Student: 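One structure is given below, represented as C-alpha cells, and several questions about it will come after.
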Number of protein chains: 2
Amino acid sequence: MKLASSRDRAPGRPVSRQVLADHVYEELLAWLMDGRLEPGAAVSIDGTARELDVSPTPVREALARLEHTGMVRRVALKGYRVAPVFTREDFAELMEARLAIEPVNARLACSRMTPEGLADLRGAVKDLETAPRGPSFAEFRDYLEADERFHKLIAEQSGNQFMLSAYNALGGQVQRFRLFGGVGITDAEQAIAEHQAVFEALASGDPEQAAAAMEDHVQKVRARAIADAPAD
Amino acid sequence: MKLASSRDRAPGRPVSRQVLADHVYEELLAWLMDGRLEPGAAVSIDGTARELDVSPTPVREALARLEHTGMVRRVALKGYRVAPVFTREDFAELMEARLAIEPVNARLACSRMTPEGLADLRGAVKDLETAPRGPSFAEFRDYLEADERFHKLIAEQSGNQFMLSAYNALGGQVQRFRLFGGVGITDAEQAIAEHQAVFEALASGDPEQAAAAMEDHVQKVRARAIADAPAD
DNA sequence: CATAGACAAATCCTATAGGAATGGGGCCTC
DNA sequence: GAGGCCCCATTCCTATAGGATTTGTCTATG
C-alpha cells in the first residue's frame, strides 16, 4: 500500500497540512475498525511501515498516539498489540461509565444547543434509520458509525471540552465497533426509537428530560446487550 | 542533561525494561509540572533532544503521547507548544466535569473499597495535612501532589477502568498544578477538612454519603476558586 | 523422550543525515 | 516611508543504518 506523501502533491495546490504520521494514524484506525486487525494481534512497527510504504518513524509516532486511546497496548522492547477482546466485566464497566457521563452531556448540550447542532443530530438519526444492517460487518458499519456520531455530537454540543475528553476516553468510536464485532445488530428498531426520543428531548429544550432520555437509552442498551451477550 | 540509556547498564544486571522514550516522557512531565515550561512556550524537538542528550526520535514519540493528554498541542509542520493558560471558562468547565465524574467514582470506590485502599487514602490525607504550603511553587508542590493522589486513588479504587480513564482525561495531575501556578494555596484548612470528610464517608461504607461528600468538596473548591480567581 | 543451549531471523530501539517547510531579517521597489 | 520579495537560519519531518533484544528452531545431551 502507498500513502500519499506530502512530497507527491502537485505544486501550487493548497498544502495538505498533514504529515505522514497523521495518515498512518488514520489508516491504522481504519484497520482496527474494519476488523482487519483482530484483538491480540501483534502490530509490527517495521511490518506496518513496509505495508504502508513509509519508514518506521511515522509508524512509531502514530502507534504512540494510538496507545493512549487504549486500542493498542505496548510492552517495552516487545512491541504493540491490539487490545484484547471485551469481557463481560469490561462491558459492564463501560456502561457504568457511560451512565455517569452521557446523561450529563445530554443535559449540558440541551441548554446550549444551536440550530446547526440540532440539524446535525437530526442527520445522524436519519442515517441511523436508513443505514443497512445486514449480518456482516461491512453491512452494519454505517449503522454503527451513525450511532457513534450521534453520541459524539452530543458530547461536542455539551460545550465542555473536558466532558468531551472524558467521553472520548471511553473509546466510544472503537469500543462500539468491537463490541458488536461478532454479534450483529439485533436491536435496531428499539435503539432507533430511543435515539429519536433523545433527539426530541433535546429539541424540546428541557435539559432534565434530555438527561433522562439518554439515561434510559444507555440503560436499555446495557440490558439488551446483557440479554444476548456472546460467550466470552 | 544526560538520561540513563539502556546501553549504559552493566551487563548481567536486570534490564530496566524501560526505553528512552519513557524517560523522556517523564522528564517532560516533570518540566511541565515544575513550571520550567511555561504555557505557550514552544517545545522544540531537536532542542529537547539536545538538552536531554538523546536523538529526536524518542523525543518525538514522547511528545506524541503528551499531546493526547492535552498538556502540549501540536501544529503540523510547526511543532509542539505547551497548552495555553487556563481561562475562567476552562476552569468552570473542568469543575463541571469533575462534578459529573468524581462523585460517581466515590460511590463506586466506597462499595469496593479494600483495607489497603483505605490505608492508602489515609496516607494521602495525612500527607495533605503535614505538607508545607508556603507561597512559592516548590513549597506547595507536595501539597498539590497529595491532593491529586487522593482523588486519583479514589478513581482507581472505583474498579472501573473507564471511569479512571475519564478522570485521567481531565488532566487532573497537571491541570491542578497549572491552576494554582500563580496563586498559592489559600484554602488548605477547609480543603483538608473536606478531604477528611470524604475519607470518613468512604470508611463508613455508605456509597451515597461518599458521593455526597465528594460532590460537596468539589463544589466548595469551585466556589473558593471563583472567589479569588486571578485575572485572566 | 525431555530439556537445555545455541544459532538465526525478526523486531524493536536509537542515532544520524538530509530534504522540506517555516519564520525572521534585510533589501529593493514603489 | 510602506509594502513586497528574497535569502538564510532554525526546525520539523522522513528515511536509512546499525546495535540490542526477543523469539522460534534446531541440535546435542542426559
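Labels below follow one simple rule: chain letters A, B, ... track the order of the sequence lines, proteins then strands, and each chain is numbered from 1. Keep in mind the model is a prediction, meaning the values are calculated, not measured.
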Student: So what does B:Ala42 hit on the nucleic acid, given a heavy-atom distance under 4.0 Å: a base, only sugar-phosphate, or nothing?
Tutor: nothing
Student: I want to confirm an ordering. Mapping B:Gly47 and A:Pro56 to their closest nucleotides on DNA chain D, which one lands closer to the 5' end?
Tutor: B:Gly47
Student: So that I can tick it off, tell me whether B:Glu102 and B:Lys152 are bridged by a salt bridge, with the cut-off set at under 4.0 angstrom between side-chain N and carboxylate O.
Tutor: no
Student: Respond yes when some side-chain nitrogen or oxygen of B:Ser55 is under 4.0 Å from OP1 or OP2 of C:dT14, and no when none is.
Tutor: no
Student: Would you check if A:Arg98 and A:Arg222 make a side-chain contact, meaning some heavy-atom pair closer than 4.5 Å?
Tutor: no
Student: Rounded to whole Å, how long is the line connecting atom CG of B:Leu20 with atom C1' of D:dT21?
Tutor: 15 Å
Student: Could you please name the option among D:dC13, C:dT14, D:dA15 that lies closest to any side-chain atom of B:Leu77?
Tutor: D:dC13
Student: Can you measure A:Arg60 atom CZ to D:dC13 atom C1' for me and round it to whole angstrom units?
Tutor: 16 Å
Student: Figure out the CG/C1' separation between A:Asp22 and D:dT14, and round it to whole Å.
Tutor: 13 Å
Student: Out of D:dC12, C:dC13, D:dT14, which has the shortest distance to the side chain of B:Ser44?
Tutor: D:dC12
Student: Rounded to whole angstroms, how far apart are CG on B:Leu63 and P on D:dC13?
Tutor: 10 Å
Student: For D:dT11, take OP1 and OP2 only and decide whether either is under 4.0 Å from a side-chain N or O of B:Arg50.
Tutor: yes
Student: Using atom CG of A:Asp46 as one end and atom P of D:dA20 as the other, report the distance to the nearest whole Å.
Tutor: 17 Å
Student: Are any of the side-chain heavy atoms of B:Tyr167 and B:Glu156 separated by less than 4.5 Å?
Tutor: no
Student: Judged by each residue's nearest nucleotide on DNA chain C, which is more toward the 5′ side, A:Thr57 or A:Gly79?
Tutor: A:Gly79
Student: Give the intermediate values and the outcome of side chain to side chain donor-acceptor pair (under 3.5 Å) for residues B:His195 and B:Asp147.
Tutor: CA-CA 9 Å; B:His195 280 97; B:Asp147 185 359; 3.1 Å; yes
Student: Given C:dT16, D:dC12, C:dC12, which nucleotide is nearest the side-chain atoms of B:Ile45?
Tutor: D:dC12
Student: Rounded to whole angstrom units, what separation is found between the OH atom of B:Tyr80 and the P atom of D:dC13?
Tutor: 7 Å
Student: Quick one: do B:Glu93 and A:Arg112 make a salt bridge, cutoff under 4.0 Å?
Tutor: no
Student: Provide, to the nearest angstrom, the distance between the CZ atom belonging to A:Arg81 and the P atom belonging to C:dC12.
Tutor: 10 Å
Student: Base, sugar-phosphate, or nothing for B:Val43, non-hydrogen atoms under 4.0 angstrom?
Tutor: sugar-phosphate
Student: Of all the nucleotides listed (C:dT14, C:dC13, D:dT22), which has the minimum atom distance to the side chain of A:Lys78?
Tutor: D:dT22
